[in-house]
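Have a look at the structure below, then the notes.
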Amino acid sequence: MDRLEVARFTTLPEAELAAALLKRHGIDARVPDRDAATNMAHLQVAFGGLRVTAPDFQIVQARDLIARARRGEFGDLGGAESEEWRLDATPGMIGELREDEVYGAIGSMKTVVRYVAITILGLCGIGWLWQVLAF
């Protein structure tokens, strides 16, 4: 069974979303460039985008589904103009937490990095000044 290219996408999330759409419709879709995109994200453009592939016997159906998705045929959210989605939303809350309680994984590291950067720059400045004054 050969795998053929269904389409190319600019970012990994787009490619993964397309593969998920195809899998939802029974197509064995894969993103073979996932590892390269994860490890060398700066080269995604050089690769020509990220490929989504499917088995050769499902390629026509897969390309048709992607074409329909690009035309927006799956975009009907059924009443997206309504504000019903806000009924469960509480302003200033993220789940059970208040916004000021959410720091993320790097929140406290910002202060540490700031002090380390200032220290390194200060030491470099002192070293440069020492060299200038020594000669």
Side-chain angles (χ1 to χ4, degrees):
M1 167 180 69
D2 291 333
R3 297 194 67 80
L4 301 175
E5 182 179 307
V6 176
R8 287 184 182 248
F9 296 90
T10 317
T11 64
L12 183 58
E14 288 176 316
E16 292 287 359
L17 197 59
L21 172 74
L22 295 174
K23 287 177 183 177
R24 179 84 170 128
H25 286 86
I27 295 173
D28 181 26
R30 296 183 188 162
V31 181
D33 302 327
R34 178 184 298 116
D35 292 337
T38 303
N39 295 322
M40 300 177 289
H42 59 286
L43 295 178
Q44 286 180 9
V45 174
F47 293 149
L50 299 159
R51 298 173 296 147
V52 173
T53 63
D56 55 358
F57 64 91
Q58 293 179 319
I59 196 70
V60 174
Q61 181 187 5
R63 287 180 178 163
D64 178 57
L65 283 168
I66 294 299
R68 288 175 54 200
R70 286 182 170 164
R71 286 193 303 266
E73 290 185 25
F74 300 106
D76 182 23
L77 299 177
E81 301 299 323
S82 73
E83 297 289 320
E84 290 180 21
W85 65 273
R86 290 183 175 233
L87 292 178
D88 293 333
T90 304
M93 297 289 287
I94 301 172
E96 300 292 320
L97 300 173
R98 292 189 322 272
E99 285 180 3
D100 59 338
E101 295 176 322
V102 179
Y103 298 107
I106 199 165
S108 60
M109 289 302 293
K110 288 180 184 177
T111 306
V112 173
V113 170
R114 185 178 302 129
Y115 287 122
V116 169
I118 289 171
T119 304
I120 290 172
L121 290 174
L123 291 174
C124 289
I126 291 171
W128 176 79
L129 186 62
W130 182 263
Q131 286 182 351
V132 169
L133 295 177
F135 290 107

All side-chain contact (heavy atoms from CB on, under 4.5 Å) counterparts of [X], not counting sequence neighbours:
X	result
Val60	none
Thr119	Leu123
Ala15	Phe9, Val31, Leu50, Val52
Ala69	Leu21, Phe74

- Message: Tell me which pairs pass side-chain hydrogen bond (donor to acceptor under 3.5 Å, both in side chains) where either residue lies in residues 57-69, with sequence neighbours left out.
- Response: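 Non-adjacent pairs meeting side-chain hydrogen bond (donor to acceptor under 3.5 Å, both in side chains): Arg68-Glu73.
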Among all residues two or more places apart in sequence or in another chain, which pass the salt bridge (Lys or Arg N to Asp or Glu O under 4.0 Å) test with [X]?
X	answer
Arg70	none
Arg3	Asp28
Glu5	Arg8

- Message: For residues 35-58, which residue pairs pass the salt bridge (charged side-chain N to carboxylate O under 4.0 Å, His left out) check, not counting sequence neighbours?
- Response: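 Qualifying pairs: Asp33-Arg51.
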- With sequence neighbours excluded, give me every salt bridge (charged side-chain N to carboxylate O under 4.0 Å, His left out) pair touching residues 39-49.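 Listed once each, the pairs would be none.
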- Message: Going by side-chain hydrogen bond (donor to acceptor under 3.5 Å, both in side chains), name the residues that satisfy it together with Thr11, two or more places apart in sequence or in a different chain.
- Response: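 Once residues adjacent in sequence are excluded, the partners of Thr11 under the side-chain hydrogen bond (donor to acceptor under 3.5 Å, both in side chains) criterion are Glu14.
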- Item | CD1 on Ile59 to OG1 on Thr53, rounded to 0.5 Å |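 Interatomic distance, Thr53 OG1 to Ile59 CD1, rounded to 0.5 Å: 8.0 Å.
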